[in-house]
Amino acid sequence: MNLFTARVSDEGSSGRTLSIFDPIFLGIDEFGQPVHLPMIFRNILIGGEPGAGKSSLLNTIVGHAALSPDVRLCLLDGKQVELGLWRDAADVFVGPDIDLAIRTLQRLQTVMDNRYGYLLSHRRRKIGRDDQFGQILAAIDEIALFSATLGTKEQRELFSALVRDIVSRGRAVGIIVAAATQRPSSDIIPTSLRDLFAWRFAGRCTTDVSSDIVLGHGWAARGYSSNTVDPSNQGAGFLIAEGGIPQLVKAAYLTDTDIIRLADYAVLLRQRHKERLKEAS
């Protein structure tokens, strides 16, 4: 049992549920100390070559969210199998369908606009833990599939524009984006989009340039390049926050068995949460 599943077991035995307002256990640093990531009011970009552990990190984030009744799951996975085990716990699951992906992001955009209208009418600047409407995690595995491969040029450009808008404006109203790509190139992740992500994780990359595309220009020259990560050390990479310095992290790993067990529990947890809300109303 890894630290993530151990924590979930402890929470379950105590009767307390997780919350998206709680920092997410991400893994350990180079000194073996746990690394926790506050995700509320933030977004994360994950990049690296195939096999670098991007999807594992994304699954850890989705796992915490799935076990947090105060956040709804919106999963986009062109391969279907990376996030597919969480499908029953998700409100929306999108496979390799660019039309559905666009409609889903447009719905998120509408929700975002409505929430800003609510905040404006109540003279507030951001949502809080006690607000009745829950938070939303939009997790996108292999963003390049939707922004550079599927559909027409117009559809891909619209998808990219919607992602940019949601990443830019969604944080204050509880819409969190976690996006992963195995093609960290400037055409997939332009600087203007990358810099909107408060958190960025660069798993093993084949070049310093690819590492800098995720972490930010100039970090490789200062000694922080994911090209230096051993290819056999899956899940290891550099994590950087806004205004911070890259930190070497080994991301937690969930086996398929772990995910299936957690996903089944998440479905039960969410059903009970809905029942309690009905009783309260």
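Every heavy atom of this structure was used, including side-chain atoms; hydrogens, water molecules and symmetry mates were not.
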Legend entry - Path from Val92 to Leu145 over hydrophobic side-chain contacts below 4.5 Å: yes
Inset, instruction - Using a 4.5 Å cut-off on heavy atoms from C-beta on, say whether the side chain of Gln106 contacts that of Leu162. - result: yes
Legend entry - Val94 side chain reached by Leu75 side chain, heavy atoms, under 4.5 Å: no
Inset, instruction - Could you tell me whether the side chain of Asp258 and the main chain of Thr255 form a donor-acceptor pair under 3.5 Å? - result: yes
Inset, instruction - Could you pull out the closest heavy-atom pair between Leu150 and Asp97, with the gap in Å? - result: CD1-N, 4.3 Å
Inset, instruction - May I ask you to decide if Tyr224's main-chain N or O and Thr228's side chain share a donor-acceptor pair within less than 3.5 Å? - result: no
Legend entry - Ser211 side chain to Asn227 side chain, donor-acceptor N/O pair below 3.5 angstrom: no
Legend entry - Within-4.5 Å side-chain heavy-atom neighbours: Met112 and Asp165: yes
Legend entry - Nearest-0.5 Å distance, OG of residue Ser19 to CZ of residue Arg129: 4.0 Å
Legend entry - Hydrophobic cluster identity match, Val229 and Val249, side-chain contacts under 4.5 Å: no
Inset, instruction - Could you verify whether a donor N or O on one side chain and an acceptor N or O on the other, from Ser225 and Asp208, lie under 3.5 Å apart? - result: yes
Inset, instruction - Give a yes or no on whether a salt bridge exists between Asp256 and Arg261, defined as a side-chain N under 4.0 angstrom from a carboxylate O. - result: no
Inset, instruction - Can you establish whether the number of heavy atoms outside Arg107 located under 6.0 Å from its atom CZ is more than 12? - result: no
Inset, instruction - Compare all side-chain heavy atoms of Gln182 with those of Lys54 and state whether any distance is below 4.5 angstrom. - result: yes
Legend entry - Backbone N/O of Ile28 and side chain of Gln33: donor-acceptor pair under 3.5 Å: no
Legend entry - Atom pair CH2 (Trp86) and CG (Leu73), whose distance is rounded to the nearest 0.5 Å: 8.5 Å
Legend entry - Expected output: side-chain His122 to main-chain Tyr118 donor-acceptor under 3.5 Å: yes
Legend entry - Joint hydrophobic cluster, Leu100 plus Ile143, side-chain heavy atoms closer than 4.5 Å: yes
Legend entry - side chain to side chain contact (heavy atoms under 4.5 Å, CB included) partner of Arg204, chosen from Ser232, Ser226, Pro231: Pro231
Inset, instruction - Would you confirm whether Asn43, through its side chain, and Val167, through its main-chain N or O, come within 3.5 Å as a donor-acceptor pair? - result: yes
Inset, instruction - For the pair Arg200 (side chain) and Ile240 (backbone), establish whether a donor and an acceptor sit closer than 3.5 Å, ignoring hydrogens and angles. - result: no
Inset, instruction - Please confirm whether the backbone N or O of Ala198 pairs with a side-chain atom of Arg171, one donor and one acceptor, at under 3.5 Å? - result: no
Inset, instruction - Taking atom types as modelled, find out whether Glu82 and Asn59 have a side-chain donor-acceptor pair closer than 3.5 angstrom. - result: no
Inset, instruction - Indicate the atoms forming the closest heavy-atom contact of Leu193 with Arg164, along with that distance. - result: N-NH1, 3.5 Å
Inset, instruction - Report the C-alpha distance between Gln155 and Asp99 in whole Å, list the side-chain angles of each, state the deciding distance to 0.1 Å, and finish with yes or no for side-chain contact (heavy atoms from CB on, under 4.5 Å). - result: CA-CA 8 Å; Gln155 287 175 312; Asp99 287 322; 2.7 Å; yes
Legend entry - Leu158 side chain reached by Glu154 side chain, heavy atoms, under 4.5 Å: no
Inset, instruction - Could you tell me the separation between the CG atom of Leu67 and the CG atom of Asp22, rounded to the nearest 0.5 Å? - result: 11.5 Å
Legend entry - Parallel, tilted or perpendicular: rings of Phe41 and Phe21 (30°, 60°): perpendicular
Inset, instruction - Report whether Val81 and Leu57 are members of the same hydrophobic cluster (ILVMFWY, side-chain heavy atoms less than 4.5 Å apart, transitive linking). - result: no
Legend entry - pair Lys250-Asn233: side-chain heavy atoms closer than 4.5 Å: yes
Legend entry - Point-to-point distance, once rounded to the nearest 0.5 Å, from CD1 of Ile61 to CG of Leu137: 8.0 Å
Inset, instruction - Supply the atom-to-atom distance Leu105 CG to Leu76 CG, rounded to the nearest 0.5 angstrom. - result: 6.0 Å
Legend entry - Side chains of Thr181 and Glu142, donor plus acceptor under 3.5 Å: yes
Inset, instruction - Taking all heavy atoms of Asp131 and all of Arg124, pick out the closest pair and write down the distance. - result: OD2-NH2, 2.8 Å
Inset, instruction - Just do the side-chain contact (heavy atoms from CB on, under 4.5 Å) check on Leu26 and His36 with the steps written out, would you? - result: CA-CA 6 Å; Leu26 198 71; His36 291 87; over 6 Å; no
Legend entry - Ile20 versus Ile40, closest heavy-atom pair with distance: O-CB, 3.8 Å
Inset, instruction - Test Ser55 against every option in Asp77, Thr60, Asp141 by the side-chain hydrogen bond (donor to acceptor under 3.5 Å, both in side chains) rule and name the one that passes. - result: Asp141
Legend entry - Arg270 atom CZ, over 12 foreign heavy atoms within 6.0 Å: yes
Legend entry - Test item: Asp212 side-chain N/O and Gly218 main-chain N/O as donor-acceptor pair under 3.5 Å: yes
Inset, instruction - State, with a plain yes or no, whether a side-chain heavy atom of Val35 is found less than 4.5 Å away from one of Gln247. - result: yes
Inset, instruction - May I ask you to say whether Arg169 pairs ionically with Asp113, meaning some side-chain N is under 4.0 Å from a carboxylate O? - result: yes
Inset, instruction - Report the distance from atom CZ of Arg42 to atom CD1 of Ile24, rounding to the nearest 0.5 Å. - result: 11.0 Å
Inset, instruction - Please assess Leu262 against Ile259 for the test side-chain contact (heavy atoms from CB on, under 4.5 Å), listing each intermediate value before the final yes or no. - result: CA-CA 5 Å; Leu262 292 172; Ile259 294 174; 5.8 Å; no
Legend entry - Connected via hydrophobic side-chain network under 4.5 Å: Leu254 and Val267: no
Legend entry - Trp199 side-chain N/O to Pro38 backbone N/O, donor-acceptor pair under 3.5 Å: yes
Inset, instruction - Measure from the side-chain N and O atoms of Lys274 to the backbone N and O of Leu269, and report whether any donor-acceptor pair falls under 3.5 Å. - result: no
Inset, instruction - Please report the shortest heavy-atom distance between Ala236 and Phe201, naming the atom on each side. - result: C-CZ, 4.0 Å
Inset, instruction - Please name the pair of heavy atoms, one in Gly151 and one in Arg156, separated by the smallest distance, quoted to 0.1 Å. - result: O-NH1, 2.6 Å
Legend entry - Val209/Ile213 under side-chain contact (heavy atoms from CB on, under 4.5 Å): CA gap, chis, key distance, verdict: CA-CA 6 Å; Val209 172; Ile213 286 172; 4.2 Å; yes
Inset, instruction - Flag the pair Leu108 / Arg103 as yes when at least one side-chain heavy-atom distance between them is below 4.5 Å, and no otherwise. - result: no
